[in-house]
Peer 1: 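The structure follows.
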Amino acid sequence: MSLISEENARPGSRDWQLSRMRLDKNEGIRTSFIEGYCSRQSVKAGEVLDIFVSTRPTARFKLEIFRTGYYGGCGARLMAEYGPFEGKEQSVPEVGASRLRECRWEKTASITIPQDWLSGVYLGRFTTLPASPDEPYWQSYIVFIVKDDRKADVLLQCSDNTWQAYNRWPDTFSLYDDGVSPGMVSPPGIDISFDRPYGKYRQIYENPQSVGSGEWLCFEFPMAYWLEQHGYDVSYCSNSDMLTPERGLKCKAWISAGHDEYWDVRQYHSAMAMRDAGVNLLFLSGNSVCWVSPFRDSSTGKPNRILTRDAPYGGLARQKKFDELKKFVGHTTGPDEGLLMGAINVIPVNGGGDWICTQPGHWLFEGTGMKKGDSIPGMVGWEYHGDPAKISGLEVIAGGTAWQGGVNPQQWTATIYPGPKNNFVFNAATIWWAQGLSKPPGHMPVWSHYSRPHGPDSRVQRITENLLKRALGG
């Protein structure tokens with residue numbers, strides 16, 4: 001029995017989601033009633049995680065830590081409870097150079113991660129403790145990753161760089177806000193900090209339950225839930241843990257899941273080194289390896305806490321219809337993402353469509369019953385990959401049309417190509433892939449460009465099973 005199976009045999013919690021959330025205003029981003037952030041994106045057992053919390057008005061609160069997983073269908077297990085704490089209001093930082101909002105809050109608590117906390121994605125749930133039963137309580141999340149160095153079969157990389165890129169906290173301070181334009185823009189010269197709470201995710205649904213959790217519950221969690229349900233030996237890491245290849249070289253299969261848009265160029269070279277060493281790479285994601293996004297230290301010297309958008313990766317950059325490139329004159333573009341993934345970020349990169357089989361005889365489709373032209377409705381979106389790279393042995397195993405804005409056609413392609421050591425690189429070419437694996441408690445269904453996936457699909461599950469069977473040597 002794997003460590004994951006042993007962990008998931010423990011009793012889960014039926015009360016781990018947010019029950020009462022209140023934003024500062026209608027369609028707002030933050031919940032100043034109680035909010036917080038962690039000192040690190042990921043932490044090992046035995047290491048210390050600092051937690052910073054602000055409450056307005058002053059309020060007592062407790063903190064419960066849950067590990068997300070399968071747990072008999074519950075979706076999470078209560079690991080520990082801390083407090084009560086005496087909360088206080090902490091200041092919203094001034095706007096710094098490059099529109100940086102970097103909190104320097106007073107530390108509320110320090111947690112030494114217990115040795116028996118298995119690698120996974122952990123949610124901390126804050127709950128205020130009213131002095132009177134006549135007063136309501138309020139809640140929000142923090143999110144962090146417990147990592148390890150063991151030789152797990154599967155390494156699931158969380159797309160937390162992208163979570164932070166779209167984080168507008170406290171109101172209009174994501175990588176897509178320039179302080180002038182009302183809509184989403186993509187200019188260079190904007191910095192974002194992990195030293196601030198995650199506000200409500202604002203892009204493809206209106207759900208205050210996302211406050212504090214980044215994009216985990218939306219995009220990657222259905223993947224993790226399914227992997228743990230079926231007992232796969234999986235470990236977890238942050239984008240920031242992939243700046244060198246050492247962690248990935250200890251696994252047989254590495255997975256990029258969900259919306260994995262922002263990569264420090266060192267991540268690209270790490271993934272290439274892993275591929276060349278024989279690790280199987282599974283891009284069960286979309287819009288991946290899109291922007292060169294270098295890390296730098298925080299103002300207090302903490303590593304990998306500030307992120308910026310430096311330039312596009314090469315496949316995106318070479319497209320003449322990419323008008324955004326005009327903003328990046330003088331910026332050095334990254335290497336071609338297609339040479340890693342097998343396909344690139346095509347313009348337009350967003351839309352919605354059906355995932356259509358083109359090579360039913362491929363081992364990938366064994367047991368699915370799919371024939372050429374059969375489709376998985378709504379599985380492509382809301383961003384995808386296309387334009388297959390010129391790599392020896394590369395095959396397009398699925399492809400078709402996605403519709404930007406519901407009406408403008410764009411071609412996408414899912415690909416697979418052989419690595420140098422009897423390994424392979426698979427590219428599902430869609431953010432939505434995990435939506436076809438499971439629908440766990442707390443998951444937030446998606447909808448964009450007048451298109452949506454239908455949820456768990458036996459064909460997506462079998463294709464993923466076939467990929468992992470081949471990758472793990474089964």
Side-chain angles (χ1 to χ4, degrees), residues 4 7-8 12-14 16-18 66-77 119-123 141 143 145 154-160 162-163 166 201 203-205 207 209-210 213-232 234-237 253-261 282-288 352 355 368 376-384 414 426-448 451-468:
I4 289 295
E7 172 64 26
N8 279 274
S13 174
R14 296 195 181 279
W16 62 269
Q17 299 178 54
L18 300 183
F66 300 89
R67 182 186 181 276
T68 57
Y70 179 63
Y71 299 107
C74 292
R77 178 167 84 94
S119 177
V121 178
Y122 287 67
L123 293 174
Y141 283 131
V143 60
I145 299 156
V154 180
L155 182 61
L156 176 57
Q157 174 189 271
C158 298
S159 303
D160 53 333
T162 305
W163 305 351
Y166 287 88
Y201 178 61
Q203 198 166 12
I204 56 169
Y205 52 65
N207 194 330
Q209 192 184 32
S210 64
S213 62
E215 300 177 15
W216 169 250
L217 293 175
C218 179
F219 296 131
E220 293 109 305
F221 184 35
M223 175 81 62
Y225 182 89
W226 183 85
L227 289 169
E228 298 205 0
Q229 176 185 5
H230 294 283
Y232 287 101
V234 58
S235 186
Y236 299 80
C237 70
W254 168 93
I255 296 176
S256 160
H259 190 193
D260 200 8
E261 182 176 359
L282 280 60
F283 286 91
L284 307 181
S285 56
N287 194 212
S288 307
W355 201 87
T368 66
I376 302 173
M379 185 49 63
V380 176
W382 87 94
E383 294 177 320
Y384 37 77
F426 173 71
N427 186 342
T430 172
I431 290 177
W432 293 161
W433 191 259
Q435 315 292 320
L437 291 175
S438 73
K439 188 179 179 181
H443 171 58
M444 302 171 192
V446 294
W447 173 279
S448 186
S451 181
R452 70 176 182 90
H454 291 182
D457 188 289
S458 61
R459 295 164 296 181
V460 175
Q461 294 166 342
R462 182 58 189 265
I463 290 168
T464 308
E465 181 183 334
N466 290 343
L467 286 164
L468 289 170

Peer 1: To the nearest 0.5 angstrom, please state how far the CG atom of L156 sits from the SG atom of C237.
Peer 2: 7.5 Å
Peer 1: Ignoring hydrogens and angles, tell me if any N or O in the side chain of W355 forms a donor-acceptor pair with the backbone of A428 under 3.5 Å.
Peer 2: yes
Peer 1: Just wondering, do L227 and L468 contact through their side chains at under 4.5 Å, heavy atoms?
Peer 2: yes
Peer 1: Would V121 and F221 count as a side-chain contact (heavy atoms from CB on, under 4.5 Å) if you check the C-alpha gap in whole Å, the side-chain angles of each, and the deciding distance to 0.1 Å?
Peer 2: CA-CA 9 Å; V121 178; F221 184 35; over 6 Å; no
Peer 1: Please check if the side chain of T162 supplies one atom and the backbone of E261 the other of a donor-acceptor pair under 3.5 Å.
Peer 2: yes
Peer 1: If you compare all heavy atoms of A434 against all heavy atoms of P222, which two are closest, and at what distance to 0.1 Å?
Peer 2: O-CB, 3.3 Å
Peer 1: For S285 and N427, which heavy atoms make the closest approach, and how far apart are they?
Peer 2: O-OD1, 4.3 Å
Peer 1: For A76, does its backbone N or O pair with a side-chain atom of S13 as donor and acceptor, under 3.5 Å?
Peer 2: no
Peer 1: Which value, rounded to the nearest 0.5 Å, describes the distance between E215 atom CD and H259 atom NE2?
Peer 2: 6.5 Å
Peer 1: To the nearest 0.5 Å, what is the distance between OH on Y236 and CG on L155?
Peer 2: 10.5 Å
Peer 1: May I ask you to test the R14-Y71 pair for a side-chain heavy-atom distance under 4.5 Å?
Peer 2: no
Peer 1: So H230 and W226, would you call those rings parallel, tilted or perpendicular, with 30° and 60° as cut-offs?
Peer 2: tilted
Peer 1: Could you give the distance from SG (C218) to CD (Q209), rounded to the nearest 0.5 Å?
Peer 2: 11.5 Å
Peer 1: Do I431 and V446 have side chains that approach each other closer than 4.5 Å (heavy atoms only, starting at C-beta)?
Peer 2: no
Peer 1: Please report the shortest heavy-atom distance between P445 and K439, naming the atom on each side.
Peer 2: CG-CE, 4.0 Å
Peer 1: Can you name the one residue among W163, Y166, W382 that meets ring-ring contact (aromatic ring centres under 6.0 Å, His included) with F219?
Peer 2: W382
Peer 1: So which atom in G69 and which in Y225 form the shortest heavy-atom distance, rounded to 0.1 Å?
Peer 2: O-CD1, 3.3 Å
Peer 1: Could you list all the salt bridge (Lys or Arg N to Asp or Glu O under 4.0 Å) pairs where at least one residue sits in residues 220-229, not counting sequence neighbours?
Peer 2: R67-E228
Peer 1: What's the shortest heavy-atom distance between L284 and W433, and which atoms?
Peer 2: CB-CD1, 3.8 Å
Peer 1: Calculate, to the nearest 0.5 Å, the distance between atoms SG and CD1 belonging to C158 and I255 respectively.
Peer 2: 11.0 Å
Peer 1: Would you say the side-chain atoms of S159 pair up with the backbone N or O of A257, donor to acceptor, closer than 3.5 Å?
Peer 2: yes
Peer 1: Look up atom CG in L467 and atom CG in L282, then write down how far apart they are to the nearest 0.5 Å.
Peer 2: 5.0 Å
Peer 1: Closer than 3.5 angstrom, by distance alone: can the side chain of N287 be matched with the main-chain N or O of Y384 as a donor-acceptor pair?
Peer 2: no
Peer 1: Looking only at heavy atoms, what is the nearest atom pair of Y201 and S210, with distance?
Peer 2: N-OG, 3.0 Å
Peer 1: Verify whether one side chain among T68 and W16 offers a donor that lies under 3.5 Å from an acceptor in the other.
Peer 2: no
Peer 1: Within the structure provided, determine whether Y122 and R77 are in side-chain contact (heavy-atom separation under 4.5 Å).
Peer 2: no
Peer 1: Would you say T430's side chain and M379's backbone share a donor-acceptor pair under 3.5 angstrom?
Peer 2: yes
Peer 1: Please say which of H443, R452, H454 ends up in a side chain to side chain donor-acceptor pair (under 3.5 Å) with Q435.
Peer 2: H443
